[in-house]
Amino acid sequence: MTDTAERAIAILKENDRGAYTVPTKGLYPFQWNWDSCLTALGQRHFDESRAWTEIETLFAHQWPDGMVPHIVFHVRDDGYFPGPDVWASGRPTATSGITQPAVAGFAVRRLWEAANDRTAADARARALLPKIAAWHRWFFANRDPAGEGLVAIIHPWESGRDNSIDWDETLERVPTEGIAPYSRRDTQHADPAHRPTKAQYDHYIWLVERFRSLGWDNSKLHDASPFRIVDPGFNAILLRACADLADVADALGAPEIVAENRAFAAKGLAAMESLWSEPGGQYLCRDRLTGTLIASASVGGLLSAFAAIPAPRAAALAGTIGARARACRYIVPSHDPADPRFEAKRYWRGPAWLVANYMIADGLARAGEQATAAAITRSSLELIAQSGFAEYYDPHSGEPCGGGSFTWTAAMVLEFLDRT
Ligand code: GLC
């Protein structure tokens with residue numbers, strides 16, 4: 001085992017809280033949805049059973065309507081805002097009231113397919129299948145009421161790309177008046193210049209308070225939200241998860257789950273075409289209220305490679321990433337560096353993130369774009385060698401930003417090492 005792999009495993013163990021893993025100490029002291037699913041992919045390299053537990057713990061906190069919340073507040077910790085009292089979700093174990101990218105179906109497929117303990121993997125996958133299927137069904141029922149095949153996010157945090165430039169215009173429509181006074185905690189753990197701004201936080205909190213005032217009734221939230229965006233990356237992750245879940249369900253003899261999820265994937269992939277921007281060489285977000293594409297070349301549109309998009313689209317995305325590689329030393333920046341709004345150190349407005357790199361590289365490799373996938377893998381491992389296991393990195397200098405000893409960064413490293 002390499003020294004890098006040993007360091008990655010040490011971080012995963014250090015952040016392990018028994019049945020779930022915190023993203024990093026201090027900044028994020030609870031369980032996050034997509035962090036956990038991607039973390040399991042790292043854990044499988046040294047403890048397969050523990051990897052299954054990570055996902056099972058998340059799904060033990062699924063809502064009765066099928067939603068899987070973005071945060072599970074297993075313990076009390078005042079180090080994070082907004083905490084359980086702000087969300088007031090009314091769940092037995094406190095959770096947030098919004099969701100996150102649905103990567104669980106993909107993660108389960110990968111754990112199941114690569115398992116050494118076949119009997120355990122079959123049993124544990126079989127138990128998770130209906131839960132993940134219920135989450136997928138929840139998405140299309142509640143976030144695609146018109147049946148277009150693509151789902152909307154109703155809060156920037158759902159995308160997992162909290163302060164992306166993608167949301168700027170739409171957030172202007174979200175009021176900030178009347179929100180309860182609050183004090184942020186994130187800026188006590190990380191450099192404020194690397195974090196979202198106060199103005200953005202005000203919008204985030206207004207949305208939380210609005211949804212809370214509707215009792216977190218998901219049949220009302222979509223239409224009540226002034227923020228409704230069809231994010232290509234978010235949808236690609238969901239569509240990939242539908243296809244992967246269907247494959248596992250097929251092997252394990254759950255035909256209804258197969259049929260339903262294959263139908264979601266086929267319809268969604270066809271609808272993805274409406275988000276393609278030929279001049280941009282990538283997919284773009286659509287504002288569901290105005291029906292227009294948002295001119296913002298973020299990594300969300302590149303993450304679309306994770307789903308089974310048409311080969312010419314994957315080739316075009318590889319070309320766009322090649323252009324980004326000529327503008328930055330490290331890829332993949334979370335935003336086009338040529339855009340004047342790009343900020344090299346501010347969270348999702350420019351920095352490179354290893355989780356995004358992993359999903360893009362995986363998708364491109366499947367589409368036959370091996371050279372670009374290999375370039376992304378190389379860049380990711382160079383960042384680790386230079387700057388350690390940070391939350392994200394300045395794509396020009398490689399400087400580590402945000403939190404340190406970061407769980408999903410470590411997990412992705414084990415996956416990248418496995419593939420090289
Ligand atoms: C930030 C990221 C989000 C992640 C969370 C925990 O909010 O934007 O994607 O899930 O931190 O790591």
Side-chain angles (χ1 to χ4, degrees), residues 17 20-24 27-40 54-75 77 79-107 131-132 134-136 138-139 142-143 151-164 167 185-186 196 200-201 203-212 214 216-218 221-222 225 227-229 231 233-235 237-238 241 300 303 347-348 353 355-356 391 403 406-408:
R17 296 291 172 272
Y20 70 96
T21 311
V22 297
T24 188
L27 189 59
Y28 303 117
F30 314 108
Q31 183 176 27
W32 264 258
N33 183 325
W34 75 324
D35 293 65
S36 266
C37 296
L38 294 165
T39 295
E54 187 74 23
I55 301 180
E56 289 160 356
T57 303
L58 177 67
F59 277 85
H61 299 278
Q62 183 168 28
W63 284 21
D65 68 0
M67 187 188 76
V68 183
H70 102 294
I71 305 173
V72 183
F73 298 104
H74 292 281
V75 291
D77 191 316
Y80 179 83
F81 174 85
D85 303 339
V86 178
W87 292 97
S89 65
R91 302 294 307 142
T93 300
T95 71
S96 71
I98 56 172
T99 194
Q100 254 192 337
V103 76
F106 161 78
K131 299 179 184 182
I132 301 175
W135 190 22
H136 293 175
W138 172 87
F139 265 116
N142 293 280
R143 300 306 185 77
V151 301
I153 54 165
I154 59 171
H155 193 295
W157 289 340
E158 291 199 312
S159 69
R161 300 184 294 112
D162 303 14
N163 68 335
S164 169
W167 328 131
R185 302 285 194 280
D186 57 316
Q200 283 156 353
Y201 253 77
H203 294 299
Y204 302 155
I205 298 308
W206 187 91
L207 287 168
V208 170
E209 293 189 1
R210 171 87 179 111
F211 302 151
R212 189 184 61 201
L214 294 170
W216 298 109
D217 177 349
N218 273 302
L221 303 190
H222 176 276
S225 179
F227 183 95
R228 250 176 270 171
I229 291 188
D231 167 3
F234 190 90
N235 276 280
I237 291 169
L238 175 59
L303 268 167
Y347 219 32
W348 288 98
W353 292 69
V355 282
E391 187 176 8
F406 220 85
T407 298
W408 67 2

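Predicted model, so just to flag it, every value in this text is computed and none were measured.
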Is it the case that the side chain of [X] and the backbone of [Y] share a donor-acceptor pair, with hydrogens and angles ignored and the cut-off at 3.5 Å?
{"X": "Q31", "Y": "E54", "value": "yes"}
{"X": "S96", "Y": "P69", "value": "no"}
{"X": "S159", "Y": "P156", "value": "yes"}
{"X": "W135", "Y": "Q62", "value": "no"}
{"X": "W408", "Y": "P23", "value": "no"}
{"X": "N33", "Y": "V68", "value": "yes"}
{"X": "N235", "Y": "V151", "value": "yes"}
{"X": "R212", "Y": "V86", "value": "yes"}

Any heavy-atom pair between the side chains of [Y] and [X] that's under 4.5 Å?
{"X": "T39", "Y": "W32", "value": "no"}
{"X": "W216", "Y": "I98", "value": "yes"}
{"X": "R228", "Y": "H222", "value": "yes"}
{"X": "P29", "Y": "V75", "value": "no"}
{"X": "T24", "Y": "T407", "value": "no"}

If every non-hydrogen atom of [X] is compared with every non-hydrogen atom of [Y], which pair is closest and at what distance?
{"X": "L238", "Y": "A102", "result": "CD1-CB, 3.8 Å"}
{"X": "I154", "Y": "L221", "result": "CD1-CB, 3.7 Å"}
{"X": "H61", "Y": "T93", "result": "CE1-OG1, 3.4 Å"}
{"X": "W138", "Y": "R143", "result": "CH2-NH2, 3.6 Å"}
{"X": "L303", "Y": "A356", "result": "CD2-O, 4.1 Å"}
{"X": "N163", "Y": "W348", "result": "OD1-N, 3.0 Å"}

| query | Without hydrogens or angle criteria, can the side chains of N218 and N142 be said to hold a donor-acceptor pair below 3.5 Å? | reply | no
| Among side-chain atoms of W63 and S89, is any donor-acceptor pair under 3.5 angstrom? | no
Distance, nearest 0.5 Å, that separates [atom1] of [X] from [atom2] of [Y]:
{"X": "F106", "Y": "L38", "atom1": "CZ", "atom2": "CG", "result": "7.5 Å"}
{"X": "Q100", "Y": "I237", "atom1": "CD", "atom2": "CD1", "result": "10.0 Å"}
{"X": "T99", "Y": "F139", "atom1": "OG1", "atom2": "CZ", "result": "4.0 Å"}
{"X": "H74", "Y": "T95", "atom1": "NE2", "atom2": "OG1", "result": "10.0 Å"}

| message | Determine whether W167 and R161 satisfy the following criterion, side-chain contact (heavy atoms from CB on, under 4.5 Å), listing intermediate values before the conclusion. | response | CA-CA 10 Å; W167 328 131; R161 300 184 294 112; 3.5 Å; yes
| task | Go through I153 and F227 one step at a time and tell me if the side-chain contact (heavy atoms from CB on, under 4.5 Å) criterion holds. | result | CA-CA 8 Å; I153 54 165; F227 183 95; 4.0 Å; yes
| task | Name all pairs fulfilling the salt bridge (Lys or Arg N to Asp or Glu O under 4.0 Å) condition that reach into residues 92-103, sequence neighbours left out, sorted by first residue then second. | result | none
| task | Would you please classify the geometry between the W157 ring and the Y201 ring as parallel, tilted or perpendicular, with 30° and 60° separating the classes? | result | perpendicular
| message | Over 60° means perpendicular and under 30° means parallel, so tell me whether Y204 and H155 are parallel, tilted or perpendicular. | response | tilted
| Aromatic centroids of Y347 and W353 separated by under 6.0 Å | yes
| said: Set out, in order, the CA-CA distance, both residues' side-chain angles and the distance that settles side-chain contact (heavy atoms from CB on, under 4.5 Å) for D35 and F406, then state yes or no. | reply: CA-CA 10 Å; D35 293 65; F406 220 85; 4.2 Å; yes
| query | For F73, which of Y20, F30, Y28 qualifies under ring-ring contact (aromatic ring centres under 6.0 Å, His included)? | reply | F30
| Of all residues at least two apart in sequence or in a different chain, which pass the salt bridge (charged side-chain N to carboxylate O under 4.0 Å, His left out) check with D217? | K220
| remark: Applying salt bridge (charged side-chain N to carboxylate O under 4.0 Å, His left out) to E391 and not counting sequence neighbours gives none
